[in-house]
Enquirer: 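Below are the structure tokens for one structure; questions will follow.
Position 1 is the first residue of the sequence, and the numbers go up from there. This one's a predicted model, so the numbers in the text were calculated from it and none came from an experiment.
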Amino acid sequence: MWLSQRRQTELEETTAELGQVTVPGAPAGVALAGERRDVALCLPGGYHWTPKRGDTVLVVKGGAEGAPCIVGTPAGQKVPAGEVFLSVKNGVGIRLTADGRICLMGPVEIAGSLSVNGKEMEV
């Protein structure tokens, strides 16, 4: 095998893989084939999340240099098609249902004003 062919084979990486967070935060450290540091977090607009140490995350590598980016975590809870469920632990969360309802689970705290059907309510 030619040396150049061997080097190219060694440098080839998958374009997406699951890894374990080793350094929490944004940017994060992730153990993939080796540990990668300063891995960016790429999330949908309006969504805010910071992985913690030990989380399993999906890392996608893109661009000319294959820069890694954490794009999410494997689904932990089954959600019916068309619904969204946000949670930080069991029993606490927000579910947006396919029929238009908003279900809040856990203690609810409101900071600011509350309007119900266009009517301002005292909080």
Side-chain angles (χ1 to χ4, degrees):
M1 173 183 278
W2 291 97
L3 185 58
S4 61
Q5 289 173 325
R6 181 173 175 213
R7 175 117 171 101
Q8 182 179 12
T9 303
E10 289 174 357
L11 293 177
E12 288 178 7
E13 292 184 333
T14 59
T15 55
E17 64 182 296
L18 292 174
Q20 296 287 322
V21 173
T22 56
V23 178
V30 182
L32 301 164
E35 186 177 21
R36 299 292 296 261
R37 293 286 178 107
D38 295 321
V39 178
L41 221 59
C42 303
L43 305 170
Y47 191 86
H48 306 278
W49 168 72
T50 303
K52 63 184 183 301
R53 185 181 326 274
D55 279 353
T56 298
V57 293
L58 176 63
V59 177
V60 174
K61 299 168 193 151
E65 297 179 14
C69 181
I70 296 172
V71 295
T73 186
Q77 179 169 344
K78 293 186 179 186
V79 177
E83 292 192 1
V84 174
F85 181 63
L86 302 172
S87 73
V88 293
K89 63 180 182 178
N90 289 336
V92 178
I94 300 171
R95 181 181 299 272
L96 305 176
T97 67
D99 63 5
R101 292 179 296 124
I102 300 171
C103 301
L104 304 174
M105 292 156 274
V108 177
E109 182 177 316
I110 299 172
S113 62
L114 175 65
S115 175
V116 177
N117 291 331
K119 186 174 183 177
E120 196 75 22
M121 300 184 75
E122 187 79 23
V123 182

Enquirer: Answer whether the closest heavy-atom distance between the side chains of Ile94 and Ile102 falls below 4.5 Å.
Expert: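 The answer is yes, as the side chains (C-beta and beyond) meet within the 4.5 Å cut-off.
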Enquirer: Evaluate the side-chain proximity of Ile110 to Met121: yes if any heavy-atom separation is below 4.5 Å, no if none is.
Expert: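 Not in contact.
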Enquirer: For a quick test of reading the model, state the closest non-hydrogen atom pair linking Arg36 to Pro68 and the distance between them.
Expert: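 Answer, listing the atom of Arg36 first, then Pro68: NH2-CD, 3.3 Å.
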Enquirer: State, to 0.1 Å, how close Glu120 and Ser115 come at their nearest heavy-atom pair, and which atoms those are.
Expert: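 Scanning both residues, the minimum pair turns out to be OE1-CB, 4.2 Å.
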Enquirer: What pair of heavy atoms forms the shortest contact from Phe85 to Val92, and how long is it?
Expert: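 It is CZ-O, 4.4 Å.
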Enquirer: Under the criterion side-chain contact (heavy atoms from CB on, under 4.5 Å), which of Val39, Thr73, Leu41 is the partner of Pro51?
Expert: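 The single option meeting the side-chain contact (heavy atoms from CB on, under 4.5 Å) with Pro51 is Leu41.
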Enquirer: How about Asn117: does its CG atom have over 12 heavy atoms from other parts shown lying under 6.0 Å from it?
Expert: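 No - once you tally the heavy atoms of other residues, nucleotides and ligands closer than 6.0 Å, there are 12 at most.
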Enquirer: Do Val88 and Val108 belong together in a cluster built from hydrophobic side chains that touch within less than 4.5 Å?
Expert: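 Per the 4.5 Å side-chain linkage, Val88 and Val108 are not co-clustered.
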Enquirer: Considering non-hydrogen atoms only, spot the tightest contact between Ala98 and Glu83 and give its length.
Expert: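 Answer, listing the atom of Ala98 first, then Glu83: N-CG, 3.3 Å.
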Enquirer: When hydrophobic residues are tied together by side-chain contacts of less than 4.5 Å, even through go-betweens, does Val57 share a cluster with Val60?
Expert: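 Per the 4.5 Å side-chain linkage, Val57 and Val60 are not co-clustered.
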Enquirer: Between Arg101 and Arg95, is any pair of side-chain heavy atoms under 4.5 Å apart?
Expert: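 Not in contact.
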Enquirer: Any side-chain heavy-atom pair from Glu35 and Val30 closer than 4.5 angstrom?
Expert: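 No, every pair of side-chain atoms sits at 4.5 Å or beyond.
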Enquirer: With Val59, which of Thr15, Ile70, Leu18, Val21 fulfils side-chain contact (heavy atoms from CB on, under 4.5 Å)?
Expert: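 Result: among Thr15, Ile70, Leu18, Val21, Ile70 is the only option passing the side-chain contact (heavy atoms from CB on, under 4.5 Å) with Val59.
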Enquirer: Same cluster or not: are Trp49 and Leu96 linked, directly or through other Ile, Leu, Val, Met, Phe, Trp or Tyr residues, by side-chain heavy atoms under 4.5 angstrom apart?
Expert: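 Cluster IDs for Trp49 and Leu96 match.
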Enquirer: Can you get from Val84 to Leu104 by hopping between Ile, Leu, Val, Met, Phe, Trp and Tyr side chains that sit under 4.5 Å apart?
Expert: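 Yes, Val84 connects to Leu104 through the hydrophobic network.
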Enquirer: Does the side chain to side chain contact (heavy atoms under 4.5 Å, CB included) test come out yes or no for Gln20 and Thr56, once each step is laid out?
Expert: CA-CA 5 Å; Gln20 296 287 322; Thr56 298; 2.8 Å; yes
